[in-house]
Amino acid sequence: MRPYILSETHWSDVKEQEYTLAILPWGACEAHNYHLPYGTDNYETEALVFEAARMAWEKGSRVIVLPTIPLGVNTGQSDIYMTLNMNPSTQQSILEDVAESLYGYGMDKLLVVNGHGGNDFRQMIREVGAAYPDMLIATSNWFQSVDQAKIFENAGGHADEMETSLMLHACPQLVKALDQAGDGQARKFSIEAFNEPWAWAERKWTRCSEDTGIGDPRKATKEKGERYFREVTAKLASLFVSMAETDDSQLYI
């Protein structure tokens with residue numbers, strides 16, 4: 001039993017705790033090339049969050065990991081069989097309900113750890129947070145926490161070398177042989193601005209990728225995944241501890 005994971009704990013133990021930070025992992029259910037499972041974002045996010053929470057707990061921070069929300073925004077993949085979409089408005093409703101529950105228990109810190117590029121919680125947090133001005137609600141994208149170029153040769157973004165390496169470390173039993181993977185080649189927008197950070201349009205997945213992947217996964221290794229896992233969990237654990245231990249009066253310097 002891991003006392004920092006709510007779904008594994010018992011009332012007899014929970015009632016004796018005073019948690020200072022609730023952590024909500026949020027993933028997605030979508031195709032990941034031919035070699036990774038639909039639940040990749042959930043498996044990755046849980047593995048990282050559980051380990052980081054363990055590290056924070058062992059440092060004395062009373063954090064609690066809430067059950068993972070397994071569905072994300074996949075409006076651009078609606079024509080990929082069995083990819084499941086959760087609209088942003090639905091996500092906001094869920095976030096509102098979670099925040100309301102926690103606030104009723106006197107908890108004033110909630111961190112959404114996002115594992116899916118299609119999710120964006122910032123605007124939702126602005127609106128939900130306005131209803132709970134005494135509550136710190138934050139979000140983090142674990143896949144942006146570490147410079148991937150230091151570890152991986154091929155950049156991507158979906159079912160790529162990074163994700164494949166991470167899954168080879170965290171859930172190797174769910175990864176098919178890499179000779180079954182597509183090369184992850186993706187078409188760019190013909191409108192150049194949409195390929196740059198300052199302009200954006202949603203990608204229609206089947207029009208830009210033949211195998212649903214973006215980024216060549218075939219140089220992935222378990223060793224690269226282990227190194228990335230260690231670096232990301234260290235960053236997450238530091239964030240967990242900082243949020244758990246920082247009083248509202250100390251939030252700004």
Side-chain angles (χ1 to χ4, degrees), residues 1-9 19 21-33 35-59 61 63-72 74 84 86 110-119 121 138-148 150-152 156-178 181 213 215 217 219-244:
M1 291 180 291
R2 295 172 287 185
Y4 44 86
I5 300 176
L6 182 58
S7 61
E8 295 182 4
T9 56
Y19 302 112
L21 171 65
I23 302 161
L24 181 61
W26 208 309
C29 181
E30 59 181 345
H32 275 73
N33 203 317
H35 64 293
L36 294 181
Y38 271 62
T40 291
D41 293 347
N42 302 319
Y43 290 118
E44 293 171 332
T45 303
E46 283 194 338
L48 292 163
V49 168
F50 289 173
E51 175 62 10
R54 179 194 67 78
M55 296 163 68
W57 185 272
E58 291 182 354
K59 291 184 178 180
S61 297
V63 303
I64 188 70
V65 179
L66 309 180
T68 301
I69 308 299
L71 304 180
N74 286 105
L84 302 181
M86 179 180 284
L110 169 63
L111 174 66
V112 180
V113 179
N114 178 37
H116 171 58
N119 297 335
F121 296 98
T139 185
S140 67
N141 297 327
W142 61 256
F143 47 87
Q144 294 177 326
S145 64
V146 171
D147 182 4
Q148 297 182 21
K150 297 189 303 182
I151 302 174
F152 306 107
H158 184 71
D160 56 357
E161 182 182 344
M162 179 278 283
E163 281 204 289
T164 304
S165 295
L166 184 55
M167 286 292 286
L168 284 169
H169 169 68
C171 303
Q173 73 280 7
L174 298 177
V175 181
K176 287 188 172 183
L178 291 183
K219 290 190 176 180
T221 67
K222 181 177 182 179
E223 292 72 24
K224 292 176 183 176
E226 182 178 6
R227 178 183 169 189
Y228 186 66
F229 182 86
R230 288 198 309 267
E231 293 195 20
V232 173
T233 52
K235 292 288 287 288
L236 285 174
S238 177
L239 175 59
F240 295 174
V241 171
S242 295
M243 285 191 66

Under the side chain to side chain donor-acceptor pair (under 3.5 Å) test, residues paired with K219 that sit two or more places apart: E153

Euclidean distance, L66 CG relative to L6 CG, rounded to 0.5 Å: 6.0 Å

Any pair counted as salt bridge (charged side-chain N to carboxylate O under 4.0 Å, His left out), so long as it reaches residues 159-174, sequence neighbours left out: E161-K224

Validation row: P217, N33 side chains within 4.5 angstrom (heavy atoms): yes

Heavy-atom check, side chain of F152 versus side chain of S165, under 4.5 Å: yes

Reported CD1-to-OG1 distance for the pair I5 and T9, which is rounded to 0.5 angstrom: 9.0 Å

Qualifying residue for side-chain contact (heavy atoms from CB on, under 4.5 Å) with T40, from H32, H116, E30: H32

Test side-chain contact (heavy atoms from CB on, under 4.5 Å) applied to A138 - qualifying residues, sequence neighbours left out: L111, M243

Separation between CG of N114 and CG of L24, rounded to the nearest 0.5 Å: 10.0 Å

Salt-bridge criterion met for E231 and R227 (N-O under 4.0 Å): yes

side-chain contact (heavy atoms from CB on, under 4.5 Å), paired with P25, selected from T68, L48, D41: T68

Under 3.5 Å donor-acceptor, S145 side chain and W142 backbone: yes

Side chain S238, main chain A234, donor-acceptor under 3.5 Å: no

Pairs satisfying salt bridge (charged side-chain N to carboxylate O under 4.0 Å, His left out), at least one member in residues 166-176, at least two apart: none

By side-chain contact (heavy atoms from CB on, under 4.5 Å) - contacts of E51 (at least two apart): R54, M55, F229, T233

Residues in side-chain contact (heavy atoms from CB on, under 4.5 Å) contact with L84, at least two apart in sequence or another chain: C29, L71

